[in-house]
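Let me begin by presenting the structure, written as structure tokens, before commenting on it.
Note that the numbering runs from 1 along the sequence shown for the chain.
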Amino acid sequence: MLAPYACQPSQSRGRLHGEDLSSFRSPFQRDRDRIIHSSAFRRLKHKTQVFVEHEGDYYRTRLTHSIEVAQVARTIAGVLGLNTDLAEAIALAHDLGHTPFGHTGEDALQRLMEPYGGFDHNAQAMRIVTKLERHYAEFDGLNLTWEALEGIAKHNGPVTGDLPHALAEANAQWDLELHTFASAEAQVAAIADDVAYSHHDLHDGLRSGLFDENDLMELPVTAPAFEMVDKLYPGLEPMRRRHEALRRVFGRMVEDVIHVAQVRLEAANPRSVEEIRSMEQTVIRFSKPLYQELKAIRSFLFTRMYRAPSVMKERARVTEAVDALFRTFMTDPALLPDEWRTGLGDDETQRARHVADYVAGMTDRFALQEYARLC
């Protein structure tokens, strides 16, 4: 029983390449399954969230992060009467375009690709699901539904101005109406991403020793959570205390999103997904007070974790690896694997995009191995 403003599988705009409907899966369930079975999704297992892959087995990777985002998205979508399968599919696909070494690798590739149209991980995810996954006999990519592609392209809001090349290419093939907001399901996937990383980066930062619980007692949201745990369970052992507090932080974020969405949906009373797309603001968002409190937490994480001296030292090392690999393959494409030597072309821009596709698809481990071998 979906809400009238949900994406209805029976009303999907379909796929670019026509296919027979499944007898036992909805179109959005099929999208989700294709994403899970893709090569790009498997490679997320060894791609960085914050800490580089070899630094510890307990830290989040892009794969575990994507699974956590999907879980949050299904929960919120289910409460709001949205299509949980579509929300889950978009959540699972949202990081497919990430390079090795997280945002550090993306920053390096963006700088290297600036003369050739730039690089953006969201646009690269579109390139993967529409072109680079090559497993099916009748088409390149995964042939996802229009609704899934729309969600991947603009789950963070309308996309205007100069488009990244990969996104412009996909949009030219099939108009994704980039000037509008995405469906509520896509909006849920976007905010589930915020919830998941805000929660697990606190976990990973504590485990790494970059900060401790006393530091979190100085912050909004986290301080009340620890105080509540100390009141309920005085003397609780440190690891359990940490977990109990952070799960309350997690719960507050999810409950806040659901409450705000319910209020906004009741006020707007949208009767279709098109009305969601044409609204002046997203319908899925944090309340203003919690948003401001989360900004304080993100500022803390930026200073104490993302730009910590030990992390910055590793950022410099892996930036050098991405730079060297890209320049090496651009200079001598014969060093590429056999299957990657086709399609290079004589045009320098085409070659650069081809090399960027290859380097962006590497895992942390493989990129470091290739850097050691070739450079």
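Looking at D338 and R341, their side chains come closer than 4.5 Å, going by heavy atoms from C-beta outward. Put simply, the side chain of F329 reaches to within 4.5 Å of the side chain of L335, judged on heavy atoms. You'll find the side chain of S198 reaches within 4.5 Å of the side chain of M253, heavy atoms only.
By the side-chain contact (heavy atoms from CB on, under 4.5 Å) test, P224 is found to be paired with no residue, residues two or more places apart in sequence or in another chain being considered. Taking R134 as the reference, nothing meets the side chain to side chain donor-acceptor pair (under 3.5 Å) condition, with sequence neighbours excluded. Considering only residues two or more places apart in sequence or on other chains, Q110 meets the side-chain contact (heavy atoms from CB on, under 4.5 Å) condition with E114, F119. Partners of T130 by side-chain contact (heavy atoms from CB on, under 4.5 Å), not counting sequence neighbours, listed by chain and number: M126, L149, A170. Scanning for side-chain contact (heavy atoms from CB on, under 4.5 Å) contacts around P337 gives E339, W340, Y358, with sequence neighbours left out.
The closest side-chain donor-acceptor pair between E19 and N143 falls under 3.5 angstrom. Side chain to side chain, Y5 and N269 fail the donor-acceptor criterion of an N or O pair below 3.5 Å. Side chains of S12 and E147: a donor on one and an acceptor on the other come within 3.5 Å. With hydrogens and angles left out, the side-chain atoms of E320 and Y371 include a donor and acceptor closer than 3.5 Å. In this model, a donor atom of one side chain and an acceptor atom of the other lie less than 3.5 Å apart for T145 and D31.
The six-membered or imidazole ring of H65 lies away from that of H98, with a centre-to-centre distance of 6.0 Å or more.
Taking Ile, Leu, Val, Met, Phe, Trp and Tyr as members and joining any whose side-chain heavy atoms lie under 4.5 Å apart, directly or through other members, the hydrophobic cluster of M228 also contains V229, L232, Y233, L236. I90 shares a hydrophobic cluster with F28, L86; the chain of contacts runs through ILVMFWY side chains whose heavy atoms sit under 4.5 Å apart. Through direct or indirect side-chain contacts shorter than 4.5 Å among Ile, Leu, Val, Met, Phe, Trp and Tyr, M312 is connected to no other residue.
The ring pair (Phe, Tyr, Trp, His ring centres under 6.0 Å) pairs that include a residue from residues 279-305 are F211-F300, where partners are two or more places apart or lie in different chains. Judged as a side-chain hydrogen bond (donor to acceptor under 3.5 Å, both in side chains), the pairs with a partner in residues 68-78 (not counting sequence neighbours) are, in order, R60-E68, Q71-T75, R74-T84, R74-D85, R74-E88. Within the structure, every pair that satisfies the salt bridge (charged side-chain N to carboxylate O under 4.0 Å, His left out) test and touches residues 321-332, not counting sequence neighbours, is listed here: R111-D323.
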Could you go through E177 and K154, starting from their C-alpha distance and side-chain angles, then the distance that decides it, and tell me whether this counts as salt bridge (charged side-chain N to carboxylate O under 4.0 Å, His left out)?
CA-CA 9 Å; E177 301 174 4; K154 56 183 184 180; 5.1 Å; no

Test log, rule salt bridge (charged side-chain N to carboxylate O under 4.0 Å, His left out), inputs R240 and E237
CA-CA 6 Å; R240 292 179 191 268; E237 69 177 81; 3.1 Å; yes

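Formation of a donor-acceptor pair under 3.5 Å by the S26 side chain with backbone atoms of P9 is not found in this model. Put simply, the side chain of D193 never gets that close to the backbone of A190: no donor and acceptor are under 3.5 Å apart. The backbone N or O of A360 lies less than 3.5 Å from no partner atom in the side chain of Q124, so there is not a single donor-acceptor pair.
Across all non-hydrogen atoms, the minimal contact from M217 to A223 is O-CB, 3.4 Å.
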Donor-acceptor contacts under 3.5 Å from residues 36-43 side chains, at least two apart:
residue : atom : partner : partner atom : Å
S38     : OG   : I35     : O            : 2.7
S38     : OG   : F41     : N            : 3.2
S39     : OG   : R42     : NH2          : 3.2
S39     : OG   : H135    : NE2          : 3.2
R42     : NH1  : H37     : O            : 3.0
R43     : NE   : G361    : O            : 2.8

